[in-house]
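For reference, the structure is listed below as structure tokens.
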Amino acid sequence: MPKPLRLAFDPVRRAQQLWRARWAADDSMAAATSIMRVQQLLLARYDEALRAHGLTFARYEALVLLTFSRSGRLPLSKIGERLMVHPTSVTNIVQRLEQAGLVDRVPNPRDGRGTLAGVTPAGRAVVEAATADLVALDFGLESLDAGEREQLFALLRKVRLRAEDFGDEGPEEALDS
């Protein structure tokens, strides 16, 4: 767990008060700043839990994505799209996972220029162990009950939908498509 700051006051609340005296949208600034701080806190906890498995959160996400796919293999371009990261980042993530023996790469038979990444048996074992550790810490959201977590997801999903992060026409797209 990240080292607690143990401040005598909430700096985001104080910034909100100062912001309110000068500008509008103090509630938006406070919410956005809180989201950014919570992201820092959660990533620190995830990295601590995943370090024992030789993973970063980005590598863990890639392994989970491959594990959820029907065949255990996906094109690198699809991994980048699903993880919402730049192609260079995907290449780096997959290279690191390959070096650790957690994924392998093969030419894509449907695209002569493309590459498929596939999760290995060792990768599946690491995903299971790492996931158990993240679940044990409730993904760092143990201070919220199930209803609050669902509410938080719904609220943040509205922001993502407005940003056109995804379409909201119907059932979720299959992992292998």
Side-chain angles (χ1 to χ4, degrees), residues 31-32 35-141 144 146 149-177:
I35 290 168
M36 299 303 288
R37 178 59 182 148
V38 169
Q39 180 198 24
Q40 293 171 341
L41 293 167
L42 293 176
L43 282 175
R45 289 191 70 188
Y46 301 162
D47 285 343
E48 183 180 332
L50 295 170
R51 190 175 301 118
H53 304 283
L55 296 174
T56 62
F57 191 66
R59 291 180 206 151
Y60 170 77
E61 286 183 303
L63 282 175
V64 168
L65 181 63
L66 291 170
T67 301
F68 282 162
S69 70
R70 281 187 293 267
S71 67
R73 294 191 178 285
L74 288 171
L76 297 188
S77 60
K78 189 63 68 177
I79 294 171
E81 178 184 300
R82 297 287 164 74
L83 296 181
M84 298 171 276
V85 297
H86 190 274
T88 305
S89 296
V90 173
T91 300
N92 181 276
I93 289 166
V94 170
Q95 283 176 343
R96 299 289 182 117
L97 290 170
E98 185 178 35
Q99 289 168 355
L102 305 177
V103 302
D104 58 15
R105 288 191 287 178
V106 297
N108 187 343
R110 294 184 184 167
D111 175 4
R113 298 171 301 152
T115 301
L116 296 175
V119 63
T120 64
R124 288 184 189 279
V126 166
V127 164
E128 292 299 326
T131 300
D133 287 350
L134 291 173
V135 168
L137 64 89
D138 207 8
F139 281 85
L141 297 174
L144 303 177
R149 289 189 299 268
E150 184 59 36
Q151 183 180 16
L152 178 61
F153 172 74
L155 291 170
L156 294 175
R157 188 175 192 275
K158 286 174 66 173
V159 174
R160 294 173 45 235
L161 183 60
R162 175 75 186 263
E164 298 180 358
D165 212 18
F166 57 93
D168 200 24
E169 303 84 41
E172 300 295 330
E173 182 181 71
L175 280 174
D176 286 331
S177 59

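Separation of atoms CG (L41) and OH (Y46) is listed at 10.5 Å; rounding is to 0.5 Å. Between I79 atom CD1 and L65 atom CG the span is 6.0 Å, to the nearest 0.5 Å. Note: K78 NZ to L83 CG = 12.0 Å, rounded to the nearest 0.5 Å. Summarising the geometry, atom CG belonging to L76 is positioned 7.0 Å from atom CZ belonging to R105; distances are rounded to the nearest 0.5 Å.
Residues M84 and D165 form a side-chain contact, since some pair of their non-hydrogen atoms from C-beta on lies under 4.5 Å apart. Between F57 and R45 the shortest side-chain heavy-atom distance does not fall below 4.5 Å. In this structure, R96 and T56 have side chains that are not in contact, with every pair of non-hydrogen atoms separated by 4.5 Å or more.
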Apply side-chain contact (heavy atoms from CB on, under 4.5 Å) to R59 and L102, showing your working. CA-CA 10 Å; R59 291 180 206 151; L102 305 177; over 6 Å; no
Decide side-chain contact (heavy atoms from CB on, under 4.5 Å) for E61 and V85; before the verdict, give the C-alpha distance in whole Å, the side-chain angles of both, and the deciding distance to 0.1 Å. CA-CA 11 Å; E61 286 183 303; V85 297; over 6 Å; no
With side-chain contact (heavy atoms from CB on, under 4.5 Å) as the criterion, how do L156 and I35 come out once you've worked through the C-alpha distance, each side chain's angles and the decisive distance to 0.1 Å? CA-CA 10 Å; L156 294 175; I35 290 168; 3.7 Å; yes
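Considering every non-hydrogen atom in both L50 and Y60, the closest pair reads CD1-CB, 3.8 Å. The heavy-atom pair separating L116 from P109 by the smallest distance is CD1-CD, 3.8 Å. Residues L74 and L66 approach most closely at N-CD2, 3.7 Å, considering heavy atoms. Across all non-hydrogen atoms, the minimal contact from L134 to A49 is CD2-CB, 4.1 Å. Taking all atoms of both residues into account, the shortest heavy-atom contact from V90 to G80 is CG2-CA, 3.2 Å. Of all heavy-atom pairs spanning G140 and L42, the tightest one is O-CD2, 3.6 Å.
Of the possible donor and acceptor atoms, one in the side chain of T120 sits under 3.5 Å from a partner among the backbone N and O of G101. Not a single donor-acceptor pair under 3.5 Å links the side chain of T131 to the backbone N or O of E128.
Side-chain contact of R37 with Q40: a donor-acceptor pair under 3.5 Å is present, judged by distance alone.
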